[in-house]
Amino acid sequence: MVRVRFAPSPTGYLHVGNARTALFNYVFARKNSGQFILRIEDTDQERSAVKYEQAIIEDLRWLGLDWDEGPEVGGNYGPYRQTERLHLYQELAEKFLQAGLAYRCYCTREELEGRKQQALQEKGMAGYDGRCRYLTQAQVAAFHHEGRKPVVRFQVPAESIEVNDLIRGKVVFAGETISDFVIIKSDGLPTFHFAVVVDDFLMGITHVIRGEDHLSNTPKHILLFRALKARLPFFAHMSMTLGPDRTRLSKRHGATSIRAFRQAGYLPEALFNYLALLGWASPDGQEIFTREELVREFSLERCSKTAAIFDHNKLLWMNGLYMRKTSPERLLQLSLPLLQAQSLAPQEPTAEFLAKTKQLIALEQEKFKTLSDIPERIGFFLKTPVYDSKLIEKYFTPQTREILAEIEVILADQESFEHHKLEEAIRTLCQEKAYKPAQVFHPLRIALSGTTKGPGLFEMMEILGKEETIGRLQAVIKNETFRSGKDGGPGTPP
RNA sequence: GCCCCCAUCGACUAGCGGCCUAGGUCACCACUCUUUCAAGGUGGUAGCACCGGUUCGAUUCCGGUUGGGGGCGCCA
């Protein structure tokens, strides 16, 4: 039975790089009919916050990465929060101490720092020198008397360690390069290295799939597994996610948290799909996957060893693809809060309003790249447009007013406001008066919507309806600033 | 400084010794469709880091150089 885990520390929002790790674990578990476990690594007292734990949980769910065991769902290997498992680490550390696998170290941070600098200069080694390994009773007593609080260090044997990585193959670390590392901090909490191994062991994790930044830590973990007499899990270290400047992806690169992308109007399935493509490729080059397809196709063997740069651009394209694919109904639901936030929709919309808005969304759907584009692109339907003087200047000539007035008359005569009929009528006008269509269509579009971007002109008029269309036209025609053909400042026509 | 990983178009990648005059996707450019903005269609620009080997033959195998990334914490 395959058992994998994602173990975030709640010190911030879910980072896209971590989300990708979670996703690979999730997909691997599903592919192998195994279990996906969520474990919260909250042993950093300084930085961990409940708020972030909650946010991470929400964002994982939003991405569709549901776990079989972990917070909020339980399981037989709990608890799944490390601060609730402290006794386990302490007991095991005590056993290590008694078995001579670990020892108490009384060095202070200052002493450590000083010696580290010196060793770095002299030998290029930055690790602990092991000087507390064999303290006498008297020395220990003296340290206690000084009030020093010890840490527990693991005694690293001088042998080289081999890591057989599923993605990278065999990696060998020389024994001397690993120094005695801390497993229990002076506050009694376990360090990351100790807690992961103890938990992976106790939770029966079979495959450790994580970022490449942990590859160098793996020999330590292997040593710990051995000390626990535990069977080694398989390791798979996936490539890192970098920013456009090839450095670790961070806030400097803009949005880096799943939360930020959510708020920017991205769809979960788009992010899911994009993340899957970062460091993994299907054999046949397929790039668009449903969750099920990805689960079917995925394999660790096809994971790339090269670090991947997170490309906002391709994500945006892919999001647009999914925006076009999904139903107007869902887009309506997802964008309603955004419309409300911009006062484009009432807090308690009527069925009529919703139906109309859905119609608008359907009309403009092919142009949305993110949900945030929805208010922007359909806003002018929902409330009187604001006119941009530059546009007026560019598209309106002195003659325009006359043309618009003629159109107004024609529209008033229309019995049906069906778009084919409207088009026919206006094209007839163009012919009769020998107007070039562009000369008529552009100003009309701007007069009605305040923008050059929009749906088909006649579809737009149909949805706006006779009354509103004529109303907007009249307002523009009467607008004083328009008379000169320029300087139509932003603002709502009277 | 020491240790580890990595190296194909600007980006993600396919390639697992001859099928490669290196393929796909995003971006970019051109053309096309068109009442705008998109979307779509067609075409195009662009890459095997470098130096040595191995081999009849290297993008593919080996070594080195260079470059990038990661680790060396009482952070995870």
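The chains referred to below are lettered A, B, ... by the order of the sequence lines, with proteins before strands, and numbering in each begins at 1. Fair warning: this is a prediction, and the values are worked out from it, not measured in the lab. Scope of the values below: all heavy atoms of this structure, side chains included, with no hydrogens, waters or symmetry mates.
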Notebook entry, point to check: Between A:R248 and B:G69, is there a side-chain N or O to OP1/OP2 distance below 4.0 Å?
Noted result: no
Item checked: Base-pairing mate for B:C2 - Watson-Crick or G-U, with both contacts under 3.5 Å -> B:G71
Checklist line | Side-chain N or O of A:R168 closer than 4.0 Å to phosphate OP1/OP2 of B:C4 | finding: no
Notebook entry, point to check: Hey, is A:D199 close enough to A:R5 for a salt bridge, meaning N to O under 4.0 Å?
Noted result: no
Checklist line | Side-chain N,O (A:K170) to OP1/OP2 (B:C4) below 4.0 Å | finding: no
Next item on the list: Select one nucleotide: of B:C75, B:C74, B:G70, the one nearest the side-chain heavy atoms of A:S216.
Entry: B:G70
Next item on the list: Tell which nucleotide pairs with B:A58, taking only Watson-Crick or G-U wobble pairs whose two distances are both under 3.5 angstrom.
Entry: none
Next item on the list: From the options B:G70, B:A38, B:C74, select the nucleotide whose nearest atom is closest to the side chain of A:S186.
Entry: B:C74
Next item on the list: Look at the side chain of A:D213 and decide which nucleotide, out of B:C3, B:U36, B:G70, has an atom nearest to it.
Entry: B:G70
Note to self: Pairing donors with acceptors under 3.5 angstrom, does anything connect the side chains of A:T218 and A:R210?
What the structure shows: yes
Check: Say you pick atom P in B:G40 and the same atom in B:U25; how far apart are they, in whole Å?
Finding: 12 Å
Check: Using a cut-off of 4.0 Å on non-hydrogen atoms, how would the nucleic acid contact of A:R324 be classed: base, sugar-phosphate, or nothing?
Finding: sugar-phosphate
Margin query: I'd like to compare against my own output: the B/S/- annotation of nucleotides 12-30 of chain B with a strict under-4.0 Å heavy-atom distance to protein.
Written below: BSSS--------BBSS---
Notebook entry, point to check: So what's B:G10 paired with, Watson-Crick or G-U wobble, going by both distances under 3.5 Å?
Noted result: B:C26
Item checked: Side chain of A:H214 (C-beta onward), nearest among B:G69, B:A76, B:U35 -> B:A76
Item checked: Contact under 4.0 Å: A:K116 side-chain N or O vs B:G73 OP1/OP2 -> yes
Next item on the list: Choose from B:U36, B:G70, B:C6 the nucleotide whose nearest atom is closest to any side-chain atom of A:K305.
Entry: B:C6
Note to self: Holding to side chain to side chain contact (heavy atoms under 4.5 Å, CB included), I want the full list of residues that pass it with A:L429, two or more places apart in sequence or in another chain.
What the structure shows: A:E406, A:I407, A:I410, A:K433, A:Y435
Next item on the list: Measure from the side chain of A:A126, starting at C-beta and using heavy atoms only, and say which of B:G71, B:G1, B:C74 lies closest.
Entry: B:G1
Check: Does NZ or CZ of A:R302 lie under 6.0 Å from the centre of the six-membered ring of A:F298, at an angle within 45° of the ring axis?
Finding: no
Margin query: For the P atoms, the ones on B:U36 and on B:G10, what distance do you get once it is rounded to whole angstrom?
Written below: 35 Å
Margin query: Restricting to ring pair (Phe, Tyr, Trp, His ring centres under 6.0 Å), what partner residues turn up for A:W67, sequence neighbours left out?
Written below: none
Note to self: Suppose you measure atom C1' in B:G53 against the same atom in B:C12; what distance do you get, rounded to whole Å?
What the structure shows: 33 Å
Notebook entry, point to check: Would one find a side-chain N or O of A:T247 under 4.0 angstrom from OP1 or OP2 of B:G68?
Noted result: no
Next item on the list: Would you mind telling me which of B:C74, B:G70, B:A76 lies closest to the side-chain atoms of A:V151?
Entry: B:C74
Next item on the list: Inspect the surroundings of CZ in A:F234 and state if more than 12 heavy atoms from other residues, nucleotides or ligands are less than 6.0 Å away.
Entry: no
Item checked: Identified salt bridge (Lys or Arg N to Asp or Glu O under 4.0 Å) counterpart of A:D180 within the set A:R153, A:R131, A:R133 -> A:R133
